[in-house]
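Everything on this sheet refers to the single structure shown next.
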Amino acid sequence: AQNGHGKEVLQLFRQMQQDRVEPNKITFISILSGCSHAGLVEEGLHCFDSMFRDYAMSPTVEHFVCMIDLLG
């Protein structure tokens with residue numbers, strides 16, 4: 001994700017969802033970081049929302065740092 005491979009990260013996340021693999025907090029840090037580095041703001045916002053809406057996870061400081069990078 002650090003290399004700007006945001007679209008690939010999102011594809012892998014969709015595949016995880018199709019395979020019913022539960023993401024964890026690290027998964028979302030990777031997704032948000034990938035979106036940030038690739039400039040995928042809308043996708044990052046959607047994933048951040050999905051984190052607590054669909055998976056009932058509370059964001060950590062690391063998630064908020066990724067969001068600051070994404071929106072900055």
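All heavy atoms count here, side chains included; hydrogens, waters and symmetry mates do not. All figures in this text were calculated on a predicted structure; none of them were measured in a lab.
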List, one per line, each side-chain donor-acceptor pair under 3.5 Å for residues 64-72, sequence neighbours excluded.
none

| task | State the CD-CE distance between Glu22 and Met16, to the nearest 0.5 angstrom. | result | 8.5 Å

| note | Taken in chain and number order and not counting sequence neighbours, the residues that satisfy ring pair (Phe, Tyr, Trp, His ring centres under 6.0 Å) with Phe13 are Phe28

| request: To the nearest 0.5 angstrom, please state how far the CD1 atom of Ile31 sits from the NE2 atom of His46. | output: 10.0 Å

| Point-to-point distance, once rounded to the nearest 0.5 Å, from CG of Leu12 to CD of Gln17 | 11.5 Å

| request: Could you pull out all residues at least two apart from Asp54 that satisfy side-chain contact (heavy atoms from CB on, under 4.5 Å)? | output: Ser50

| query | Does Arg53 have any salt bridge (Lys or Arg N to Asp or Glu O under 4.0 Å) partners at least two apart in sequence or in another chain, and if so, which? | reply | Asp49

| Co-membership, hydrophobic cluster, residues Phe52 and Met57, 4.5 Å side-chain | no

| query | Is any side-chain heavy atom of Leu45 closer than 4.5 Å to a side-chain heavy atom of Cys35? | reply | no

| said: What's the separation between atom NE2 in His37 and atom CG in Leu32, rounded to the nearest 0.5 Å? | reply: 12.0 Å

| query | Measuring from Ile29:CD1 to Ser36:OG, what's the distance to the nearest 0.5 Å? | reply | 13.0 Å

| note | Sorted by chain and residue number, the side-chain hydrogen bond (donor to acceptor under 3.5 Å, both in side chains) partners of Thr60 (sequence neighbours excluded) come out as Glu62, His63

| note | Sorted by chain and residue number, the side-chain hydrogen bond (donor to acceptor under 3.5 Å, both in side chains) partners of Gln15 (sequence neighbours excluded) come out as Asp19

